[in-house]
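Here the structure comes first, spelled out in C-alpha cells, and everything after it is commentary.
Residues take their numbers from the sequence shown, with the count starting at 1. Numbering of ligands and ligand atoms starts at 1, following listing order.
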Amino acid sequence: MNAIETLVGELGRLPGIGRKTAQRLTYHILKGSRDDARRLARAIDRLASEVRLCGACGNLSDMDPCEFCRSPRRDAGQLCVVEEASDIPAIENSGNFGGLYHVLGGRLSPLDGVGPEDLNIRGLLRRIDDPVREVIIATNASVEGEATATYLQRLLASSADVRITRLARGLPVGGDLEYADGVTIAEAFAGRREM
Ligand code: ZN
C-alpha cells in the first residue's frame, strides 16, 4: 500500500472517523508543510513511547507516579473514581475538585464479559486507608456506570470506614463524563450525595 493509502487506513480506524474523513485529513496534512506533518508524527510517536500507566491511580501520564499523585497540593483525603483516564481532563477543567483520582479502566459489563477482576478495583482497595475520608464515585450515568457505582459502594462500605458519595444526576444519562461541560460537572460535584 502506498503512503497515502496507509495513512487513510490508519486514520479510518479511529472512532468517529469514516473513510471520507480519513481521506480529507490525509490530504489536509499533505497540503500543509512537511514540518507540520513531522510534528504530528512525532507527537503520536511520543504517545506510544512515553505515556504509561500511573502505578498508584491508573491515570495515563508520562510520569509514574502521575502529576496528580505526586503533587503536594492535591488533597489525599478525597478520591474520585472514574471509568477512564480520559474523564480526568473534563473534571480538571470544571475546576472544583482538588483531590486525587482512581481510574478503573472500564466499567462492569457482564454482557461484554467485563467483571470486577478486569477493573482496577484491587488497587482501589489498597488505597482506601488512613488519609482517605471520602470516595466520590464518578462513573458515567449509564446502566453499566450505575451498576459499577453500586458494586463499589457495597464493596467499600463493607471493607473501609469512608464516606462514599456519588455525583449528582444532571450529567446526561448515558453520556460520557468526558463530553460534559465544566459547569455541569462542577454542579454534579457540588450536589453529590451519600450512597
Ligand atoms: Zn496517579
Side-chain angles (χ1 to χ4, degrees), residues 15 42-109 114-142 144-168 171 175-182 184-186 188-190 192 195:
R42 271 200 304 276
I44 293 170
D45 188 52
R46 283 188 59 194
L47 280 187
S49 58
E50 295 175 22
V51 175
R52 66 204 74 196
L53 277 181
C54 169
C57 74
N59 186 22
L60 292 166
S61 166
D62 43 16
M63 295 184 282
D64 180 14
C66 72
E67 59 267 39
F68 301 110
C69 290
R70 68 169 64 211
S71 168
R73 291 190 302 278
R74 307 291 298 203
D75 176 6
Q78 277 190 322
L79 215 54
C80 178
V81 179
V82 295
E83 291 180 17
E84 303 288 353
S86 51
D87 295 326
I88 294 179
I91 295 173
E92 284 298 297
N93 291 339
S94 78
N96 82 334
F97 177 68
L100 298 179
Y101 292 99
H102 189 84
V103 181
L104 294 172
R107 61 187 100 175
L108 294 179
S109 180
V114 181
E117 65 285 351
D118 300 308
L119 303 179
N120 184 14
I121 291 177
R122 214 168 297 169
L124 175 62
L125 290 177
R126 268 202 306 273
R127 297 180 75 191
I128 305 298
D129 52 18
D130 198 17
V132 178
R133 305 181 308 274
E134 178 182 4
V135 176
I136 302 167
I137 301 179
T139 50
N140 289 323
S142 61
E144 292 93 347
E146 294 296 347
T148 307
T150 304
Y151 176 85
L152 291 176
Q153 188 270 330
R154 290 196 184 128
L155 187 69
L156 293 170
S158 67
S159 54
D161 185 23
V162 287
R163 185 178 176 217
I164 304 163
T165 56
R166 175 88 172 108
L167 291 192
L171 293 171
D176 283 354
L177 193 62
E178 65 177 299
Y179 301 122
D181 67 272
T184 305
I185 293 177
F189 267 86
R192 66 186 186 274
M195 280 190 84

N-O pairing of [X] and [Y] below 4.0 Å:
X: Glu134; Y: Arg192; answer: yes
X: Arg107; Y: Glu84; answer: no
X: Arg74; Y: Glu92; answer: yes

Identify the two heavy atoms, one from Val114 and one from Leu119, that lie closest to each other, and give their separation to 0.1 Å.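 Reported closest heavy-atom pair: CG1-CD2, 4.0 Å.
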Under 2.8 Å from the Zn ion (ligand 1), how many protein N/O/S atoms can be counted?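 There are 4 of them.
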Please list, chain by chain and in numerical order, all residues satisfying side chain to side chain contact (heavy atoms under 4.5 Å, CB included) with Asn93, sequence neighbours excluded.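 With neighbours one apart ignored, the set is empty.
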Please verify the inter-ring angle class for Phe189 with Phe97; under 30° counts as parallel, over 60° as perpendicular, anything in between as tilted.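 Geometry flag for Phe97 against Phe189: tilted rings.
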